[in-house]
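Side chains are part of it too, since the values below use all heavy atoms of this structure and drop only hydrogens, waters and symmetry mates. Bear in mind that the values here come from a model prediction, so they are computed numbers and not experimental data.
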Amino acid sequence: MLETSARLLRLLTLLQSPRAWPGTELAERLGVSGRTVRNDIERLRTLGYPVDATRGSTGGYRLAAGSAMPPLLLEDDEAVAVTLAVRTVAQSSMAGTEETSLRALAKLEQVLPARLRRRVKALQEYTAPVPADRPGPTVDTDLLMTLTAACRDHERLRLDYRDHAGASTRRLVEPQRVVNWGRRWYLVAWDVDRDDWRTFRADRITPRTPAGPRFAPRGDPEGDAAAYVAGKVSAAAWRHHARVTVHAPAATVLERINPAVGVVEAVDGRTCVLVTGADTLESLAVHLSVLGCDFTVTEPPELVAYLRELAGRYARSTPAAAASAPGVGAPAPVAGSPDEGSSPAACSR
């Protein structure tokens, strides 16, 4: 009996991999006859495991999805990964999942072998997350399921949307993708009335039922829904915007620019334009200084003025450079300053 039970567990482990197993290969792996494999398959079916069988050269046995959740067999690293994932979900921004996740976590930890429970406990006790700068909004799990189902089924959604000022509008959209960024969730959708892509914060969406008719699917905006959200959300939050000519190939700048920081547009093989921004001029100047490339700023005027002020401050901070400059103690002219008869501020690293 013990030998049969161990063999069934081994068979179940093999069937849980995403492939079809020919009966001859299963028999070879388990060291039994084909008849024994067929009998063991029937035992698993009796226990509630839906095992499909297909004929032909590419056929075999495969564990299918059933109407109930049967027990799962997990390898050591899989059990640890699942336990940590459930704990992470319990601390996420999805409303209504904390209690459910903690119940599932208690069940997992109860059946973990002592050696794995020790590893998981060490990770729990000796790791600490850095809290968010500010509390993030929570999103109802049912809402996320509704949005992702509409994306999957290509069904139009009618929804009420509340903007950052609290004003509500009625929208008819064709949902494309749900994007998670930190503790926030966004719906990327084609706005039917505005005939353009739009990004909606999920916690500000109230779907209206029933769903609309189906639509022909489109490709992701700009080829990448996540990058599209990063660019749109960042740009909307910036207080200061700038277009900067960078004297380097676009490919070089793209290696150093996250999509959330700015958009790079190639001009020619040696020059590109960076469209970027920040909440403060100081932050914007720092971002530009770490590009590692020469750049020219023409707008906005307040950024040009601040960079000239910053260039003078840097010049005064290096005594050797100040002593060799015309007029000891006076800041050296900044490239592109009025002293040189040019209006743009050309700043180099």
Indicate yes or no: at least one non-hydrogen side-chain atom of [X] is less than 4.5 angstrom from one of [Y].
{"X": "D220", "Y": "V188", "answer": "no"}
{"X": "P175", "Y": "L187", "answer": "yes"}
{"X": "R198", "Y": "Y161", "answer": "no"}
{"X": "T298", "Y": "T245", "answer": "no"}
{"X": "W197", "Y": "E222", "answer": "no"}
{"X": "L44", "Y": "L63", "answer": "no"}
{"X": "L303", "Y": "L284", "answer": "yes"}
{"X": "D196", "Y": "D191", "answer": "no"}

R19 atom CZ: more than 12 heavy-atom contacts under 6.0 Å: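 Count over threshold, so yes.
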Tell me, yes or no, whether the heavy-atom count around E28 atom CD, taken from other residues, nucleotides or ligands under 6.0 Å, exceeds 12. no
When rounded to the nearest 0.5 angstrom, what distance separates [atom1] in [X] from [atom2] in [Y]?
{"X": "R162", "Y": "T206", "atom1": "CZ", "atom2": "OG1", "answer": "7.0 Å"}
{"X": "Q176", "Y": "Y228", "atom1": "CD", "atom2": "OH", "answer": "11.0 Å"}
{"X": "R177", "Y": "T148", "atom1": "CZ", "atom2": "OG1", "answer": "11.5 Å"}
{"X": "R184", "Y": "D203", "atom1": "CZ", "atom2": "CG", "answer": "7.0 Å"}
{"X": "L159", "Y": "T169", "atom1": "CG", "atom2": "OG1", "answer": "8.0 Å"}
{"X": "R29", "Y": "R10", "atom1": "CZ", "atom2": "CZ", "answer": "6.5 Å"}

Restricting to non-hydrogen atoms, name the atom on [X] and the atom on [Y] that form the minimum distance, rounded to 0.1 Å.
{"X": "V173", "Y": "A189", "answer": "CB-CB, 3.7 Å"}
{"X": "T296", "Y": "H247", "answer": "OG1-NE2, 2.8 Å"}
{"X": "L143", "Y": "P207", "answer": "CD1-CG, 3.4 Å"}
{"X": "V246", "Y": "C293", "answer": "CG1-CB, 3.8 Å"}
{"X": "D52", "Y": "A64", "answer": "OD2-CB, 3.1 Å"}
{"X": "R243", "Y": "E265", "answer": "NH2-OE1, 3.5 Å"}

Do NZ/NE/NH1/NH2 and the carboxylate oxygens of D160 and R208 come within less than 4.0 Å?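 Salt bridge flag = yes for R208 with D160.
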Are R38 and E42 ion-paired here, with the side-chain N under 4.0 Å from a carboxylate O? no
Is a side-chain N or O of [X] found less than 3.5 angstrom from the main chain of [Y], in a donor-acceptor match?
{"X": "W21", "Y": "L14", "value": "yes"}
{"X": "T54", "Y": "G60", "value": "yes"}
{"X": "Y49", "Y": "R43", "value": "no"}
{"X": "D140", "Y": "L144", "value": "no"}
{"X": "R256", "Y": "L291", "value": "yes"}
{"X": "R45", "Y": "V51", "value": "yes"}

Can you spot which of L11, L8, T36 makes a side-chain contact (heavy atoms from CB on, under 4.5 Å) with L30?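 Only one of L11, L8, T36 forms a side-chain contact (heavy atoms from CB on, under 4.5 Å) with L30, namely L11.
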Examine [X] and [Y] and state if one hydrophobic cluster contains both, with Ile, Leu, Val, Met, Phe, Trp and Tyr joined whenever side-chain heavy atoms are less than 4.5 Å apart.
{"X": "F215", "Y": "W190", "result": "no"}
{"X": "L172", "Y": "F200", "result": "no"}
{"X": "V304", "Y": "V286", "result": "no"}

With side chain to side chain contact (heavy atoms under 4.5 Å, CB included) as the criterion, how do R201 and W185 come out once you've worked through the C-alpha distance, each side chain's angles and the decisive distance to 0.1 Å? CA-CA 6 Å; R201 273 226 341 230; W185 296 81; over 6 Å; no
Partner residues of R156 under the salt bridge (charged side-chain N to carboxylate O under 4.0 Å, His left out) criterion, sequence neighbours left out: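 Here the qualifying residues are E174.
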